[in-house]
Amino acid sequence: DNGKIFENKNYLPLIFKTNSIDSFEPSYSELENSNKLYHMINGEYFFNEVDFKIDCVNNKQIIKKECNITFNRNRDYKYYLEIFAPLNLSEIITSMKYSDQYYVSLIDNDFKLEFLNDTGYIESIKIYAFKEENIKNQNLDFEVFNDSYMKFNVENGYYMTTILYDDSWHIKNNGKEISKIKVLDSLIAFKAEEGVIELEFIPKLLNVGILISSITFLIVFIYYERKK
């Protein structure tokens, strides 16, 4: 099997300050979801829909196999074609090698869109322009950093992480435990006051173990006290 690996230069830091932690309903579109997430972080949209002409689709109906796509290009941008259909697109698009209703491809010099048949139905077909620029550098200066404990300074505001939400994570702001906020149905966020944040992973089983050990110690202590 053949495949491709793409480097994402717009990766998210582990923890970063954000304008908002308003969640959103994910859509089928990976580009729209990325747009919403980027906007939540810094108020900008990185993918912009562009007008184009295509001669193989008319009113969502495929009318011929080979497609010619025309639009105004800017050399500073990259362009992506996005297609969504109610059926498996591997049965519609010649270059698609896997089963899915969603298709997205970089429109480079070698790009060609061709359908297997001159009939069929496409729910949505769009082109997005993307200008390469990294998310503003928001890497925090960690005083302590390991797999289960992090300590760092913050300003007032909301912070989002790329850490999966788990009840075993505890957050302290200037020594006082604060509430976690669940965003995108999966990630940890929090609202902080200026000062120090401590983010610590304490497994529930560890708490149970400490309780059992404490009870055991207390029983042994009482036993020996009575023996004296």
Side-chain angles (χ1 to χ4, degrees), residues 1 3-47 98 102 104 130 132-221:
D1 293 341
K4 290 182 179 180
I5 296 176
F6 296 92
E7 178 186 4
N8 180 11
K9 296 180 181 179
N10 298 288
Y11 62 88
L12 295 174
L14 180 67
I15 303 169
F16 50 91
K17 193 173 184 182
T18 178
N19 290 338
S20 165
I21 55 167
D22 293 335
S23 192
F24 60 85
E25 278 295 322
S27 72
Y28 68 85
S29 171
E30 295 173 7
L31 304 185
E32 284 186 16
N33 290 336
S34 297
N35 244 0
K36 291 172 184 176
L37 183 57
Y38 288 143
H39 186 261
M40 191 168 71
I41 296 167
N42 55 26
E44 298 177 0
Y45 291 106
F46 283 176
F47 293 99
Y98 55 91
Y102 179 73
V104 62
F130 171 71
E132 283 197 69
E133 59 178 276
N134 291 330
I135 293 174
K136 298 169 187 175
N137 188 354
Q138 300 188 43
N139 290 328
L140 298 169
D141 185 15
F142 288 92
E143 184 178 329
V144 181
F145 181 89
N146 58 52
D147 290 343
S148 59
Y149 180 78
M150 290 163 252
K151 185 176 181 180
F152 49 92
N153 292 318
V154 293
E155 302 172 347
N156 286 325
Y158 287 102
Y159 285 79
M160 185 172 169
T161 79
T162 48
I163 301 171
L164 291 177
Y165 191 96
D166 190 299
D167 287 337
S168 295
W169 280 106
H170 297 264
I171 307 172
K172 288 184 179 180
N173 186 190
N174 298 323
K176 182 180 177 181
E177 182 144 355
I178 59 174
S179 300
K180 299 184 296 293
I181 304 170
K182 192 174 187 179
V183 295
L184 304 181
D185 201 34
S186 59
L187 302 177
I188 293 174
F190 56 89
K191 184 179 182 181
E193 296 179 356
E194 184 176 359
V196 177
I197 285 289
E198 295 173 89
L199 190 60
E200 186 173 13
F201 187 82
I202 305 175
K204 292 180 180 179
L205 290 178
L206 178 62
N207 291 331
V208 174
I210 292 172
L211 178 62
I212 293 173
S213 297
S214 299
I215 293 172
T216 303
F217 174 79
L218 183 61
I219 292 172
V220 171
F221 176 79

Drop me the distance from [X]'s [atom1] to [Y]'s [atom2], to the nearest 0.5 angstrom.
| X | Y | atom1 | atom2 | value |
| --- | --- | --- | --- | --- |
| F130 | F47 | CZ | CZ | 5.0 Å |
| T162 | I188 | OG1 | CD1 | 10.0 Å |
| L31 | K36 | CG | NZ | 12.0 Å |

Show the nearest heavy-atom pair for residues [X] and [Y], with the distance to one decimal.
| X | Y | result |
| --- | --- | --- |
| P203 | S168 | CA-OG, 3.7 Å |
| E32 | S29 | N-OG, 3.0 Å |
| K191 | I181 | N-CD1, 4.2 Å |
| S179 | F190 | O-CB, 4.1 Å |
| A189 | V183 | CB-CG1, 3.9 Å |
| D147 | W169 | O-CH2, 3.7 Å |

| request: Could you list all the salt bridge (charged side-chain N to carboxylate O under 4.0 Å, His left out) pairs where at least one residue sits in residues 163-180, not counting sequence neighbours? | output: D167-K204
| Do any pairs count as a salt bridge (charged side-chain N to carboxylate O under 4.0 Å, His left out) and have a residue in residues 154-165, sequence neighbours left out, and if so which ones? | K17-E155
| Sequence-distant partners of Y158, ring pair (Phe, Tyr, Trp, His ring centres under 6.0 Å), two or more places apart |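 Y158 satisfies ring pair (Phe, Tyr, Trp, His ring centres under 6.0 Å) with no other residue.
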| Listed partners of F152 passing ring pair (Phe, Tyr, Trp, His ring centres under 6.0 Å), at least two apart |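 Expected list: F142.
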Return the set of residues passing side chain to side chain donor-acceptor pair (under 3.5 Å) with [X] (not counting sequence neighbours), or none when no residue passes.
| X | value |
| --- | --- |
| T161 | none |
| Y149 | E198 |
| N153 | none |

| Audit row: L164, L187, side chain to side chain contact (heavy atoms under 4.5 Å, CB included) steps and yes/no | CA-CA 5 Å; L164 291 177; L187 302 177; 4.1 Å; yes
| query | Should V154 and I15 count as side-chain neighbours, where that means a heavy-atom distance under 4.5 Å? | reply | no
| query | Counting distance only, does the side-chain N/O of N174 pair as donor-acceptor with the main-chain N or O of I197 below 3.5 Å? | reply | no
| query | Has the side chain of Y102 got a donor or acceptor atom that lies under 3.5 Å from a matching backbone atom of E30? | reply | yes
| field | By side-chain contact (heavy atoms from CB on, under 4.5 Å) - contacts of E193 (at least two apart) | value |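 E193: side-chain contact (heavy atoms from CB on, under 4.5 Å) contacts with N156, N173.
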| Taking only residues two or more places apart in sequence or in another chain, which ones pass side-chain contact (heavy atoms from CB on, under 4.5 Å) with E143? |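 Residues passing side-chain contact (heavy atoms from CB on, under 4.5 Å) with E143: K151.
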